[in-house]
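Every heavy atom of this structure was used, including side-chain atoms; hydrogens, water molecules and symmetry mates were not. Proteins get letters first, then strands, A, B, ... in listed order; numbering begins at 1 in each.
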Amino acid sequence: MKNKIQAVKGARDFYPEQMLLRNWLYANMRSAAQAFGYQEYDGPFLETLELYAAKSGDELVKEQSFVFNDRGGEKVTLRPELTPSLARMVAARQRQLPRPIRWWSFGPFWRYERPQKGRSREFFQWNVDLLGVESPAADAELAAVAVTFFQMVGLTASEIKLQFNDRRLMDEQLATLGLAANKTAVFRLIDRRGKLGATAWEQYAGEVGVTPEQLNGLKALLANADLWRQSEGCQAFVEAGQALGIGPFLEFDPTVIRGLDYYTGIVLEARDRESEFRAILGGGRYDDLVGDVGGDRLPGMGFAMGDVVIGLVAQKYQKVPPLRPSPTQVLVAQFDQISPAEALRLAAQLRAGGLRVEWYPETAKLDRQLKYADVNGIRFAALLGPDELAQGCVTIKDLAARTQTTYARAAVVDALRQGLESQM
RNA sequence: GUGCCUGUAGCUUAAUGGCAGAGCACUGGACUGUGGAUCCAGAUGUUGCGGGUUCGAGCCCCGUCAGGCACCCCA
């Protein structure tokens, strides 16, 4: 380990194996989003600091963004999230975009945080947003997109829950308790309900300025699993969710608040039911954000899912199908008694027939070449040795079936195509 | 950004302050035209990095880097 240059802290290498996992997640995200008619888009990876300064939440911008001065002295930031870019892009074309706007995206984001399990400094995130519709059914659709993804990767309602709450409901309830004035601090208090011990939490409540009376009210509030029934919006949300078939995943949780300042209504958060990992996704309704970046008011709802936690969850529950990095279908072996050009010619012939063909680049012992095919999961080996060459044929070895057959040169492509159709 | 824990071969790991070992993987052979098993043999380390204490440091101390846990925040 001498003088090896290290990767940047919190950045990950994607070796072919990890790339398979990422692409598998991506493929399912795309399928889930497209099943609901969402269109793929992307924003720039670099944005002005100004874009985030207005809304995202102080900590995220001031402490957790990669910010630098470009050569012209402008403050530029590596995007820590996508929603502000989305709001900016939509605001710029507000008059010409047909509504509703259903968009999704998957790309890299950066946050300057201390890395931990499930959290890195550079990560990929799936964003799904629906703009121009302000209804509980729209909120439920977003939840259904997320659940559809879970189902596509094989995660069930017994493994995953999708928690929801409503900021408007909480606003009302806090106002009733006379806590509207320091709402931000109380939200933060609520957020820590499950984390702090009972006495520590109550002490913290006192520090925030919550009176003993208010504390009792707050505790009752947070213990009330049926609180959502007092909100017409929540009721309609659950109703629509049930119509969409995602009822088993949904779970009301009054302690789900979400940190981002721009949420104005329903907020969502998905977790594994064993609570081993941090949140799988987070999202919510943001009806004022587009207006705040200079557009006309345009209601929106969306969520974001990072690749790290869902990757860990999918692996823990063994949902990742066995994938192999090599795309090769046929390995053309090489024999030292004949010219390498013969192997190249055969490989070219097979490729011309539409097959994915890899050529073994040296005349190693045959068992070595076959072992290479084996460890890479290559199904077929094409053997063109002195015997076959003399007879104008090729031996095809099926490594999965452990059989081999010799074919006339002209019949090889068809034989391989047929063989590939029979999955082993 | 704060506190705590960890860092030994490619991977998993062992070693009361006293010769750095093992398993898996790898390489070669048994078997030079036939892969997953078996057997035999072999290679592999500045013990993350830098300093200090000591006759002697993988082990103790300081610093640093990286990872993990709890804060903070959040995907």
Side-chain angles (χ1 to χ4, degrees), chain A residues 1-12 15 25 29 56-65 79-83 106-128 146 188 191-192 195-197 200 204 256-261 263 267-271 277-284 302-313 331 333-338 360 363-389 395-404 406:
Chain A
M1 251 145 278
K2 46 189 169 188
N3 289 334
K4 275 188 186 165
I5 295 174
Q6 289 182 318
V8 171
K9 179 174 182 166
R12 290 165 299 157
Y15 289 88
L25 290 172
M29 289 164 177
S56 295
D58 277 348
E59 174 100 12
L60 184 56
V61 179
K62 288 179 185 156
E63 309 291 340
Q64 299 184 345
S65 293
R79 61 182 189 182
E81 58 161 337
L82 188 60
T83 308
F106 182 75
F109 296 84
W110 294 265
R111 286 185 196 170
Y112 196 82
E113 292 182 290
R114 192 100 169 236
Q116 279 179 38
K117 186 160 68 175
R119 177 214 272 178
S120 56
R121 286 186 171 182
E122 180 181 65
F123 55 95
F124 283 75
Q125 200 178 66
W126 180 37
N127 282 266
V128 185
R188 183 174 266 205
D191 196 45
R192 294 187 194 180
K195 288 183 172 179
L196 270 47
Y204 182 63
V256 169
I257 291 294
R258 306 304 305 164
L260 296 173
D261 291 343
Y263 290 136
V267 287
L268 297 175
E269 185 172 298
R271 294 187 166 274
F277 303 99
R278 51 184 73 238
I280 297 168
L281 69 81
F303 68 85
M305 178 188 296
D307 69 314
V308 184
V309 175
I310 188 63
L312 292 170
V313 172
L331 178 76
Q334 190 164 171
F335 292 79
D336 55 2
Q337 301 96 323
I338 64 170
Y360 201 87
T363 56
K365 281 167 57 178
L366 191 58
D367 76 338
R368 189 177 164 77
Q369 301 190 39
L370 290 172
K371 189 169 186 185
Y372 172 82
D374 188 43
V375 301
N376 284 288
I378 298 171
R379 172 81 182 274
F380 293 101
L383 311 182
L384 177 59
D387 301 346
E388 287 87 354
L389 190 61
T395 297
I396 298 300
K397 183 177 177 65
D398 183 333
L399 281 87
R402 309 184 69 92
T403 59
Q404 68 181 47
T406 301

Measuring only the C1' atom in each nucleotide, how far is B:C73 from B:G18? A whole number of Å is fine.
49 Å
Under the rule for ring pair (Phe, Tyr, Trp, His ring centres under 6.0 Å), what residues qualify as partners of A:Phe303, not counting sequence neighbours?
A:Trp126
Calculate the interatomic distance between A:Arg368 atom CZ and B:C26 atom P; express it in whole Å.
11 Å
Could you measure between the two P atoms, the one in B:G35 and the one in B:A41, and give it in whole Å?
22 Å
Using the C1' atom in both, what is the distance from B:C31 to B:C39, to the nearest Å?
12 Å
Please walk me through it: do A:Val308 and A:Arg12 pass side-chain contact (heavy atoms from CB on, under 4.5 Å)?
CA-CA 10 Å; A:Val308 184; A:Arg12 290 165 299 157; 3.6 Å; yes
Pairwise 5' ranking along RNA chain B for A:Phe123 and A:Gln404, keeping only the more 5' one:
A:Gln404
I need the CD1-P distance between A:Ile257 and B:C72, as an integer number of Å.
15 Å
Could you tell me whether A:Gly385 contacts a base, only the sugar-phosphate backbone, or nothing, with contacts defined as non-hydrogen atoms closer than 4.0 Å?
base
Using heavy atoms to find the nearest nucleotide of RNA chain B for A:Val308 and A:Leu384 separately, return the residue whose nucleotide is more 5′.
A:Leu384
Applying side-chain contact (heavy atoms from CB on, under 4.5 Å), can you list everything that pairs with A:Arg278, at least two apart in sequence or on another chain?
A:Gln116, A:Arg119, A:Val309
If I take atom NZ in residue A:Lys117 and atom C1' in nucleotide B:A66, what distance separates them, rounded to the nearest angstrom?
17 Å
By the 4.0 Å heavy-atom rule, please label A:Asp387 as base, sugar-phosphate, or nothing.
base
For A:Ala11, check side-chain contact (heavy atoms from CB on, under 4.5 Å) against everything at least two apart and list the hits.
A:Val8, A:Glu122
Provide the distance between the two C1' atoms, one in B:U27 and one in B:U13, to the nearest whole Å.
22 Å
Under 4.0 Å: is that the gap between some side-chain N or O of A:Lys397 and OP1 or OP2 of B:U34?
no
Rounded to the nearest 0.5 Å, the CG atom of A:Leu331 sits from the CD1 atom of A:Ile378 at a distance of 5.0 Å
note: A:Leu268, atom CG; B:C74, atom P; distance rounded to Å ~ 16 Å
When you measure from the side chain of A:Leu383, which nucleotide among B:G33, B:C69, B:G29 comes out closest?
B:G33
What is the nucleic acid contact for A:Ala279, judged by heavy atoms within less than 4.0 Å: base, sugar-phosphate only, or nothing?
sugar-phosphate
NA contact type, A:Glu122, heavy-atom cut-off 4.0 Å: base, sugar-phosphate, or nothing?
nothing
Side chain of A:Arg278, heavy atoms from C-beta onward: which of B:U34, B:C74, B:G36 has the nearest atom to it?
B:C74
Applying a 4.0 Å non-hydrogen cut-off, can you work out what A:Lys371 is touching in the nucleic acid: base, sugar-phosphate, or nothing?
sugar-phosphate
Using the rule given for side-chain contact (heavy atoms from CB on, under 4.5 Å), can you reason through A:Thr406 versus A:Asp387, listing the C-alpha separation, both sets of side-chain angles and the distance that settles it, and then say yes or no?
CA-CA 11 Å; A:Thr406 301; A:Asp387 301 346; over 6 Å; no
Say we look at B:A57 and B:U8: how far apart would their C1' atoms be, to the nearest angstrom?
14 Å
Check the pair A:Arg79, A:Trp110 against side-chain contact (heavy atoms from CB on, under 4.5 Å), reporting the backbone distance first and the verdict last.
CA-CA 6 Å; A:Arg79 61 182 189 182; A:Trp110 294 265; 4.2 Å; yes
Would you indicate what A:Pro115 reaches in the nucleic acid, counting non-hydrogen atoms under 4.0 angstrom: base, sugar-phosphate, or nothing?
sugar-phosphate
So CZ of A:Phe124 and CE of A:Met29: to nearest 0.5 Å the spacing works out to 11.0 Å
Integer-rounded Å distance: B:C74 C1' and A:Arg121 CZ:
14 Å
Of the nucleotides B:G67, B:G33, B:C31, which has the atom closest to the A:Phe335 side chain?
B:G33
Over how many whole Å does the gap from A:Leu370 atom CG to B:U34 atom C1' extend?
5 Å
Rounded distance in Å between the P positions of B:U54 and B:C65
28 Å
How close or far is atom P of B:G33 from atom NZ of A:Lys365, stated in whole angstroms?
9 Å
Tell me the stems RNA chain B sits in, counting at least three consecutive Watson-Crick or G-U wobble pairs, each under 3.5 Å on both distances.
B:1-7 with B:65-71, B:10-13 with B:21-24, B:26-30 with B:38-42, B:48-52 with B:60-64
With a 4.0 Å cut-off on heavy atoms, is A:Ser120 in touch with a base, just the backbone sugar-phosphate, or nothing at all?
base
Looking at every strand, decide which applies to A:Leu281 at a 4.0 Å heavy-atom threshold: base, sugar-phosphate, or nothing.
sugar-phosphate
How far, in whole Å, is B:C59 from B:G3 if one measures between their C1' atoms?
25 Å
Using a cut-off of 4.0 Å on non-hydrogen atoms, how would the nucleic acid contact of A:Ile280 be classed: base, sugar-phosphate, or nothing?
sugar-phosphate
Looking across every strand, which nucleic acid part, if any, lies under 4.0 Å from A:Gly10 by heavy atom: base, sugar-phosphate, or nothing?
sugar-phosphate
Between the CD1 atom in A:Ile280 and the CG atom in A:Leu312, the distance rounded to the nearest 0.5 Å is 10.0 Å
Determine whether the side chains of A:Gln404 and A:Thr395 contain a donor N or O and an acceptor N or O closer than 3.5 Å.
no
Rounded to the nearest angstrom, tell me the gap between atom CG in A:Asp398 and atom P in B:G36.
16 Å
Go through A:Ile257 and A:Tyr263 one step at a time and tell me if the side-chain contact (heavy atoms from CB on, under 4.5 Å) criterion holds.
CA-CA 9 Å; A:Ile257 291 294; A:Tyr263 290 136; over 6 Å; no
Roughly how far, to the nearest 0.5 Å, is CD of A:Gln369 from NZ of A:Lys397?
13.0 Å
Establish, with yes or no, whether the OP1 or OP2 oxygen of B:C72 is under 4.0 angstrom from a side-chain nitrogen or oxygen of A:Arg192.
yes
Which atoms of nucleotides 1-3 of chain B (N or O only) lie under 3.5 Å from a protein N or O atom, and what are those distances?
| unit_1 | atom_1 | unit_2 | atom_2 | d |
| --- | --- | --- | --- | --- |
| B:U2 | O4 | A:Arg114 | NH1 | 3.0 |
| B:G3 | O6 | A:Arg114 | NH2 | 3.4 |

Set of residues satisfying salt bridge (Lys or Arg N to Asp or Glu O under 4.0 Å) with respect to A:Arg271, sequence neighbours excluded:
A:Glu269
Kindly indicate whether the side chain of A:Gln369 and the base of B:G33 share any N or O donor-acceptor pair separated by less than 3.5 Å?
no
For the C1' atoms, the ones on B:A25 and on B:A66, what distance do you get once it is rounded to whole angstrom?
25 Å
Counting side-chain heavy atoms from CB outward, which of B:U34, B:C73, B:G68 is closest to A:Arg188?
B:C73
